[in-house]
Number of protein chains: 4
Amino acid sequence: MTQHKALPARRAPSSVKSEQRIKDILAVAREVFSERGYSSATTIEMARRLGVSEATVFTYFAGKRDLCVRVICDWYDEIIAEIEATLPHVTGTRAKLFFLIRTHLYRLMIDGPGLCALILSEGRAKDDTFGSEILQLQRRYTAPLMQVMADGVAAGDIRGDMPLSLLRSSIYGPMEHVLWDAISKKTVDIEETSNRLAQLLWQGLQPPNPNAAALEQLQRDMAAALRLYDQTSSSKK
Amino acid sequence: MTQHKALPARRAPSSVKSEQRIKDILAVAREVFSERGYSSATTIEMARRLGVSEATVFTYFAGKRDLCVRVICDWYDEIIAEIEATLPHVTGTRAKLFFLIRTHLYRLMIDGPGLCALILSEGRAKDDTFGSEILQLQRRYTAPLMQVMADGVAAGDIRGDMPLSLLRSSIYGPMEHVLWDAISKKTVDIEETSNRLAQLLWQGLQPPNPNAAALEQLQRDMAAALRLYDQTSSSKK
Amino acid sequence: MTQHKALPARRAPSSVKSEQRIKDILAVAREVFSERGYSSATTIEMARRLGVSEATVFTYFAGKRDLCVRVICDWYDEIIAEIEATLPHVTGTRAKLFFLIRTHLYRLMIDGPGLCALILSEGRAKDDTFGSEILQLQRRYTAPLMQVMADGVAAGDIRGDMPLSLLRSSIYGPMEHVLWDAISKKTVDIEETSNRLAQLLWQGLQPPNPNAAALEQLQRDMAAALRLYDQTSSSKK
Amino acid sequence: MTQHKALPARRAPSSVKSEQRIKDILAVAREVFSERGYSSATTIEMARRLGVSEATVFTYFAGKRDLCVRVICDWYDEIIAEIEATLPHVTGTRAKLFFLIRTHLYRLMIDGPGLCALILSEGRAKDDTFGSEILQLQRRYTAPLMQVMADGVAAGDIRGDMPLSLLRSSIYGPMEHVLWDAISKKTVDIEETSNRLAQLLWQGLQPPNPNAAALEQLQRDMAAALRLYDQTSSSKK
DNA sequence: CATGAATGAGAGTTCATTCAT
DNA sequence: TATGAATGAACTCTCATTCAT
């Protein structure tokens, strides 16, 4: 787990009750930031939903920005933990990829487009207010996918004629897009959607021209067969 | 071109000078909205960049929202015009797709990720303050791609086993993502990147080839036959 | 007619066209001030109704305040002219009073409650921005009524046991009040209303206890009659 | 007492200190609205007079409009409470009317003409932003007077040949007018003024006395009789 | 003479943040 | 520890007024 600098305004979060309060605040903050985006989210709304005063929020967090950083970090922590716990038990490039795609999509769906937008927009703000911490988490989050792809390329399961970063984009990109479509509809079959998406992407990621490769192999096999036949028939002579 | 209701606060934008002012304001507004997002963008910053007073901005636009709507609409107008002018002269599913991808990516690169985020986030706000006008433009913008894909499916050039909306997402999605990567680097070869992306997507969009599967099976059969022949001929020796 | 200082911003209103423009502006200004009150009235609305630019208004008037002063003054001028022209031809305290009441009510009804409120509220603003000119007009406007009442008191037609200012208030006061009631109804019969109001007020203004006066007179008459009868009958003895 | 929906911007006005603040703000707001009217009154002036920041005002009230509504409602509440508490203990049409007139005039004098104008102008704005609540209060406020008059008409104490609304106007109307006169003078004897006004109005409200007319006729007859008797007796001489 | 264009000076309102209790 | 209370700073938006053309 990432160790946050925590930035408490004036207290050490030691007691059990304090820990719970922090969790409550973070949960509500995640909600509000998701629904409104960073700028439009207000501390008073969070306080009201929590049933506490605004000042209480500031007792536990140094400010709105810090609160938002924590929300984003926690989100990454959760999904990273999930992936790092399960991925090692999945075998095969294809299966690993399918797993990563499904996990990512699940998260996005559950946490909603708001949080997704928050992480995308605010996480990459020009002014580095959200700092390098989040950048680091982003890298840690995408690392497993990058590894899987690198291994896949080495094993010949994935095309090696393109930069990994482009492959990564073509995996994460569609998912966010699918999400926007999803919110207009009532229900979305995540399992089905992620499966289809995975199939589509997998096919795109394949080394190009499998037909040609198969044909070349067939040619080689035929040539070998012909040679063998030649030898057999000539030995009969 | 979309005909805007214009909504000027007090003035009829008739003269040449007026038109220029409006263009200047829109250009700066596009910048600021791009960099800061809707909520964090301020009218005073726009005014300062223009070297005029805030009041001047409100002389030409009814308010911040209207200004933003105009920025988004103008963006759509530009790219839609570009596509509708050129696409008809491109032939072939693959070529059309490559053209659309390159055009889209170009636009995104030129206008930057901020505007992209603005259009995505604010254009889809649940409280449709930005109204149906933008929704309409969105549909008009994606319509050509959808048509190309529908035709491609009908012609057997594109796989028909997935909803068009998913295909659309897997095209538009990566591009936005690629963009985020792009801004960290100094230079990006758009031509190369869009070409690679197009290749990747094109391959993913191909109908899963039954011929290739048959060939692979044939190959396996041949190999088995060879092995058998091997064994047979060697046991005869 | 009151001679206004006119306060033109930078021009002398000499030509015929100019005079017309001034009249047009004043007419529209009266409308707008009536509908919105001084503070809420805007110069741009006046300009728009006139179909000219805001600047034009300021070509003819030094500012909003001056415009408003002129509107109020003109209103007084009109009604004063009306009264001073007709009142001399009316004879009898009662008839004069009825005439004044009807004229006042007519004016109020025609010009609407807005203008009435404007004249009442703004004409008496704490900060004497509207100056002494209006105060003078107010005095000139009420002067005829005051004169009629003073004469009436002298002639015994009107009670003399109360200050004239109180009598004046009890005449002008109800009319403004009636006006407020009037605007909620569709139509008001001004003739009937002013008649009734005049009757009511006239009765209140009568010297008190006409019954007692009549009785006293009767008593005197009876005493005289008795005395005469006495003389007659005693002369028969 | 009217129960207000209160509409505090952010705080629940529970504690003693809060209640006091609210009262202070309302008192100052009443002052400022009175002096300047709704449009010209500014929140910053209120804040300055209170010695607090503008934000504090908005902490307790949702906005300028709400503040004004509260000011007007509170005014009505006060006077309505006063009337409803005392009127039942007054007997006789004349005494009731005198009491109502004195109470109304007292209120107007204490609160000044500004508040009066505010209530008249803003309370009857066509765009009923101030809503039905005030209209209701207005009705509740005038109800006792209307009842007294209706009873008076039934009992023959008050003339029944005119609409009640006209009678009401002729009572409330003069009072507001008297007020305007009052502010120019240093001191006003409210007791005396209200007594005189009440006398005047009472006389106006009396049923036109047919007895008096009959008496007058009788007097004329007697005079004629006397004249005849005069001529007769002198001619006999 | 009329006006297009611009603006300074505010207005109401919001909100993250502080601090004594 | 929690909060009632207060606020500075900022924001969007309005409008009477000026002035070169």
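Basis for what follows: all heavy atoms, side chains included, without hydrogens, waters or symmetry-related copies. Labels below follow one simple rule: chain letters A, B, ... track the order of the sequence lines, proteins then strands, and each chain is numbered from 1.
Going from atom CZ of C:Phe33 over to atom C1' of F:dA16 covers 11 Å, rounded to whole Å. The interatomic distance linking A:Arg36 (CZ) with E:dT14 (P) rounds to 14 Å, in whole Å. If you measure from atom NZ of A:Lys64 to atom P of E:dA16, you get 5 Å, rounded to the nearest angstrom. One atom, CD of A:Glu54, and another, P of F:dT7, lie 15 Å apart when rounded to the nearest Å. Protein atom CZ of A:Arg48 is 14 Å distant from nucleotide atom P of F:dT3, rounded to whole Å. Atom pair D:Met46:CE and E:dG12:P shows a separation of 8 Å (rounding to whole Å applied). Rounding to whole angstrom units, CD of residue A:Gln20 and C1' of F:dT1 are separated by 16 Å. If you measure from atom CG of C:Asp24 to atom C1' of E:dC1, you get 15 Å, rounded to the nearest angstrom.
Each of E:dA16, F:dG8, F:dT17 was ranked by its minimum atom distance to the side chain of D:Ser53; first place goes to F:dG8. Taking only side-chain atoms of B:Thr59, from C-beta outward, the nucleotide of F:dT3, E:dT18, E:dT7 with the closest atom is E:dT7.
Residue whose closest nucleotide on DNA chain E sits further toward the 5' end, between A:Ala55 and C:Val52: C:Val52. Toward the 5' end of DNA chain F, the nearer of the two residues B:Ser39 and D:Thr56, judged by each one's closest nucleotide, is D:Thr56. Looking at which nucleotide of DNA chain F each of A:Val57 and C:Ala41 is closest to, the 5′-most match is held by A:Val57.
E:dT13 is paired with F:dA10 under the Watson-Crick or G-U wobble criterion, all donor-acceptor distances under 3.5 Å. Of all nucleotides present, only E:dA2 satisfies the Watson-Crick or G-U wobble test against F:dT21, with each distance under 3.5 Å.
Side-chain nitrogen and oxygen atoms of A:Thr43 include none within less than 4.0 Å of the OP1 or OP2 phosphate oxygen of E:dC15. Using a 4.0 Å cut-off, some side-chain N or O of A:Tyr60 falls inside it from OP1 or OP2 of F:dA2. For the OP1/OP2 pair of E:dA6 and a distance below 4.0 Å, the side-chain nitrogens and oxygens of B:Arg21 include at least one atom meeting the criterion. Taking side-chain N and O atoms only, D:Thr42 has no distance below 4.0 Å to OP1 or OP2 of E:dG10.
Atom-to-atom distance recorded for D:Leu50:CG and D:Arg21:CZ is 6.5 Å, nearest 0.5 angstrom. Taken to the nearest 0.5 Å, the CH2 atom of A:Trp75 stands 7.0 Å off from the CG atom of A:Leu115.
Of the charged side-chain nitrogens involved, at least one lies within less than 4.0 Å of a carboxylate oxygen, so that B:Glu45 and B:Arg49 count as a salt-bridged pair.
Taking both residues in full, the closest heavy atoms of C:Phe33 and C:Ala41 are given as CD2-CB, 3.6 Å, listed atom of the first, atom of the second, then distance.
Put simply, the residue from A:Leu67, A:Leu118, A:Asp111, A:Ile72 that forms a side chain to side chain contact (heavy atoms under 4.5 Å, CB included) with A:Arg30 is A:Asp111.
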